Amino acid sequence: MGSILRHSAVVALALGSLAPLGWLAGCSVHGETGSGATTPIGEAVDEASSAVASAQLTSDLLARGRLTTTVADTTLRDQLHVLQGATGALLTVVPGDAESVRLRADALRAVSEAQAGVADARVWVRGGPGSPASVAARLDESGDALSSVSDAVEAS
Amino acid sequence: MTIARKTHDRTTYEKDAPQPGRVLDARLHLLDRQLLDVDDVPVTTIDDLEIHATGGDADPVGGPAVLTNLLTGPVLGTRILGGRPPSSRLERIAWSHVRAVDSAVKLGIHGSQLDATWVERWVRDHVIGRIPGGRHDPE
Amino acid sequence: MKRLLGVALGVLTAIGGFLDIGDLVTNAVVGSRFGLSLAWVVVVGVVGICLFAQMSGRVAAVSGRATFEIIRERLGARAAGANLAASFAINILTLTAEVGGIALALQLASSVDPRLWMPVAALAVWLVLWRVKFSIMENVTGLLGLTLVVFAVALFQLGPDWGELAQQATTLAPSGTETWPSYWYYAIALFGAAMTPYEVFFFSSGAVEERWTAKDVGQSRINVLVGFPFGGVLSIAIAACAAVVFLPRAIEVSSLSQIVLPVALAGGKLALAVVIVGIVAATFGAALETSLSSGYTLAQFMGWSWGKFRRPAQAARFHLTMIVALLVGLSILMTSVDPVKVTEISVVFSAIALPLTYLPILVVANDPEYMGTHVNGRATNALALVYLVIIVAASAAAIPLMIATGAGA
Amino acid sequence: MILSDLLDQPVREADGTPVGYVIDVRFVLDGPPVGPLATPRVHGVLVSPRTGSSFMGYERVDVRSPALLARWFAWRHRGTFLVHWQDVAAIDEDGVTLARDARRWAPGYERPAPA
C-alpha cells in the first residue's frame, strides 16, 4: 500500500507542476476540415455571445442603478478579455473548405462588432457619451449577429 | 519482491514470551517520530537509530546489543534516492536524554543544547529575528 | 452564557471559513453550465469534510499530533516525502488562487488593476500571520465571511421557479450541450472544492494551536456538524444564483466580476457591497489558512518548531516557509496568469491529493496507542470506508477526465 | 551500526535460502537505566516474507478496524515472524544471515493498556 501511495503521490506531484503550465499555454491548434473546423468556430462564437450577454446584463443593471460603476467597468473589462480570447481562437482556426472560410469570416466580423459594442458600453459606463438605450441597442444588434452566425455553424 | 513461495501462508508461530520491559519497535514507535525537548518544543524528527554491542563495540552482531543514540540529519535527499547520508553527517542524541515515548519522543533537556537545532537558531537570528516584531508574542 | 457564546462563535466561524475562492468560482461555473444537477456532489463533499475534519481534529486533540506528523510517522520518510511534495505544490497552487481572489475582489471595490492589489494582498496576509493571534484571525475572517449569506438571500429575492430548480437538482445528468465527461470533471472539481486538503491540515493543526484536549472534541464536533453544512448550503446557493441568472442567458462564468452580478440583480448596490466584503473576507481567510498549511505541512514533516501560538522567533523556519510560500504564490500571480483559471485547476488537484492525507488519518484514528478509548466508532469507520472508496475513485478519475475535457473547456 | 543499514535488508537462513526482508527491529526496555528510561535491549528482528516495507504495523498489532483495511493490510503481511537477536548470525552488504536453528516467533506483542 505504501508503494501505491508513493506512486500516486509522485504522479500528482509531476502533474501538479506540469499541468498548470501546459494548461496556461492555451489550447491546441485545430486544423481539420468539415465539422472538425466549424466546432471551434462555434465554440468561439458561443464564448463571444456569453460575453455580450454579460455586457447586456451589466449595462442594464447599471442603468437601473443596481450596480456600481466600478463593478460594471470591471465586468465589461473582463468580457473584453473574453472577446479577445474568442477572436484569437477564431484567428488560429485553419478552415479547410470554402464554407468554413466564409463562416470564419462572418464570425470574425460579428465578434469584432461585439468588441466595439462592449468597448463603447464601457465608455458610457465611465460617464462618456451614449445612453442606456443606445448601448442596449448596440449590444442587442451584435448579440443577434452572433446568434445568426452560430445558427449557420450548426447548420453546416 | 515476493520470496520463497513455499512458505505456506497460514503459518502461525508460537507466541513470544511476555517481556519484562516495554516493547518498542523501531519503525512503529521511534523512526520518523517527532522529538520534543523538555518544554515540548519540537526539535526534529527521528531519522535513524544507532545500536552498539553492550560492551560498546560498533558491530552489535553475535552478542547482546542496545540502542545507544537517536539520529537526525539531512536524510530526506538520500531517503528519496535510497541509501543514507554518511554516518559522520548524522547528529547523535543519546538515549539517556529521552524521558518518555508516547505519540512523540520527549527529551529531558532543552532544545538549544542540541546541535540538531543550529539551523533553527541560525534562521531565527539571521532572518526572523531581524524582521520587526519577530520577538514579540502575537496579540 | 459564555459557553453558549463560544459555541455560537465556533459555528459562525465554521460557516464563514468554509467558503473560499475555489467554492465561489467552481459553484458559479457549475451553476451556469449544469444548473443544480451537480448539487448532490456538494452534499457528498460536505459530509466528507465533516467526517474528515472531525476525525483529524479528534486525532490532534487526543494524541497531540497534527496531520503531517502522523503522515510521516505512518508512511515513513520516503512515501511521506512524496506526499509532502504533492501536498505542498497543490497548497501553493491554492494559495496563489486565494491571493489572486483577494486582488480580484478588491478590484471590484476599487476598479484598480488586480496586479497592483496582489502585492498589497500578499503583504496584508503576511502581516496578519506575523502579528495577529490565531483565534482572533480565525474569528474575524470567519464572521466577516458570514456576509456571503447574501447569496442565499439573493436567491430568494430573485424569486426563482423553485419547481424547476428542484427538478434540476434531481436530474443527475448533464443537460443541453454538456457532455458526460465534463459533467464528471466538474463533479470532481466540486468535490475537491468542498474537501480541500489544506482545510484538514489547518483544522488539525488549529486543534494543537488552541491546545484542544479530549474534552474539546465535543465542541469541535458541534462546530463541524453545524457550521460546515451551512457552508455547503451557501455553496449550493451560489450555484443556484448562477443557474437562475446565467443558464437562461447562456452566460459562461469565467471571471469573479460575473459571479457578483446575480446578487446585484437581486439586491442592488447594498447587497453588492455586502457580497464584495464577504468575498474579500472569505478569500483573505482562506489565504491565511493556505499559507499556514504550507508552514504546517513542511514543519511537521521535518520536525521543526511550528505554531502561531509561539513567537515567530521560536518557530523561525515555520515562518520562513510561509514567507517563501507567499512569495512563490505572488510571483506566479505576477506572471498575469488568470487567478480564476488557477482556481479551477487547484480544486481538481486537491481532489487528486486527497487520498494521500485521508488514509493515514483514518488508520491512526483507529489506533488505541494514539487514541486510547477515543478510537473511531463502528459507524464512523463504516462511513470512513465508503468515503475512502469515493476519494480514491475521484482521485484516479481526475487526471483522465482533465485530459478528456481539456480541463472542462 | 546504523539501523537503516539493517531495515529492508533481505534475510537468508544459514543454508542460504531467502526467507524475506527485515521490516522492523524490536527493542525491549529492560536494560540498565542510563537516564529517565531503561536502556532498550535489541530483542530481535521482524521478517516479512512478502515485502520489505512494513506498513502501519497492521501485521503486528491487534487493531481490527477499519475492518476492511485492517484485514487487507494484515493479509498483505501474513507470515511475518520475529527472530531473536541471538539467532542473527551475520549482517553484511548482501543481507542478514540467520543462525542454523533460528527459532521463529509470532510478531504480536503485549500492548500497553490504552492511555
Side-chain angles (χ1 to χ4, degrees), chain B residues 1-31 47-54 58-68 71 75 78-79 83-84 87 90 94-103 106 108, chain D residues 1-7 10-11 17-21 23-44 46 49-54 56-57 60-61 75 78-79 81-82 84-86 88-91 103-112 115:
Chain B
M1 283 204 295
T2 54
I3 288 285
R5 262 282 158 259
K6 70 173 174 45
T7 49
H8 44 76
D9 300 339
R10 273 287 136 254
T11 46
T12 51
Y13 300 106
E14 201 190 323
K15 235 179 153 356
D16 191 10
Q19 295 306 314
R22 181 172 173 201
V23 173
L24 286 182
D25 285 358
R27 224 176 221 151
L28 201 52
H29 299 110
L30 293 171
L31 279 178
D47 296 314
D48 220 324
L49 301 171
E50 188 170 34
I51 55 177
H52 286 83
T54 39
D59 177 5
V61 180
V66 284
L67 170 66
T68 47
L71 302 178
V75 172
T78 51
R79 269 290 174 76
R84 65 166 174 78
S87 79
L90 289 171
W95 173 262
S96 53
H97 292 313
V98 175
R99 66 181 156 90
V101 175
D102 44 44
S103 63
K106 297 187 169 119
Chain D
M1 164 180 272
I2 311 287
L3 216 64
S4 50
D5 293 346
L6 176 55
L7 288 170
V11 179
T17 50
V19 288
Y21 294 84
I23 55 166
D24 216 328
V25 172
R26 175 155 298 165
F27 298 102
V28 173
L29 272 61
D30 60 4
V34 288
L37 296 178
T39 306
R41 171 178 56 83
V42 181
H43 180 55
L46 283 140
R50 291 257 154 338
T51 155
S53 62
S54 137
M56 303 207 181
R60 270 163 282 168
V61 294
W75 174 82
R78 65 195 179 291
F81 56 87
L82 168 73
H84 287 164
W85 184 248
Q86 57 267 29
V88 171
I91 301 175
R103 281 213 53 189
R104 298 185 181 189
W105 304 90
Y109 62 95
E110 295 314 312
R111 257 174 123 51

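Note that the structure is predicted; figures quoted are calculated from it, not measured. Reminder, nothing fancy here: chain letters follow the sequence lines and each chain counts from 1.
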In terms of heavy-atom pairs under 4.5 Å with chain B, the winner among L29(D), I91(D), D30(D) is L29(D)
Minimum-distance pair of heavy atoms, taken over all atoms of V101(B) and L37(D):
CG2-CD1, 4.3 Å
Counting only non-hydrogen atoms closer than 4.5 Å, does I2(D) touch chain B with its backbone (N, CA, C, O), its side chain (CB onward), both, or neither?
both
Determine the minimum heavy-atom distance between W105(D) and K15(B), stating which atoms define it.
CE3-O, 3.6 Å
When rounded to the nearest 0.5 Å, the distance separating CG of L67(B) from CZ of R41(D) is 12.5 Å
Nearest 0.5 Å please: distance from the CG atom of L30(B) over to the CG atom of L3(D).
9.5 Å
Considering only heavy atoms, which portion of L49(B) lies under 4.5 Å from any heavy atom of chain D: side chain, backbone, both, or neither?
both
How far apart are the closest heavy atoms of A38(D) and W95(B), and which atoms are they?
O-NE1, 3.0 Å
CG of D25(B) to CD1 of I23(D), rounded to nearest 0.5 Å, is 8.5 Å
Is it the backbone or the side chain of A94(B) that comes under 4.5 Å from a heavy atom of chain D, or both, or neither?
neither
In Å and rounded to the nearest 0.5 Å, what is the NE2 to CG distance from H29(B) to D24(D)?
9.0 Å
Can you tell me which of G62(B), P60(B), G63(B), A17(B) forms the most heavy-atom pairs within a distance under 4.5 Å of chain D?
P60(B)
Would you name the heavy atoms of P36(D) and S96(B) that are closest together and state the gap between them?
CD-O, 3.2 Å
Do the side chains of I51(B) and F27(D) get nearer than 4.5 Å, heavy atoms only?
yes
Looking only at H52(B), E14(B), H97(B), R99(B), the option with the highest number of non-hydrogen pairs under 4.5 Å against chain D is E14(B)
Is there side-chain contact between D16(B) and H43(D), with heavy atoms separated by less than 4.5 Å?
yes
Among G44(D), G35(D), P33(D), P10(D), the residue with the most heavy-atom pairs under 4.5 Å to chain B is G35(D)
OG/S4(D) to CG/D47(B) distance, rounded to the nearest 0.5 angstrom?
9.5 Å
Per-residue tally against chain D (heavy atom, under 4.5 Å) across G108(B), G21(B), A65(B), A58(B) peaks at A65(B)
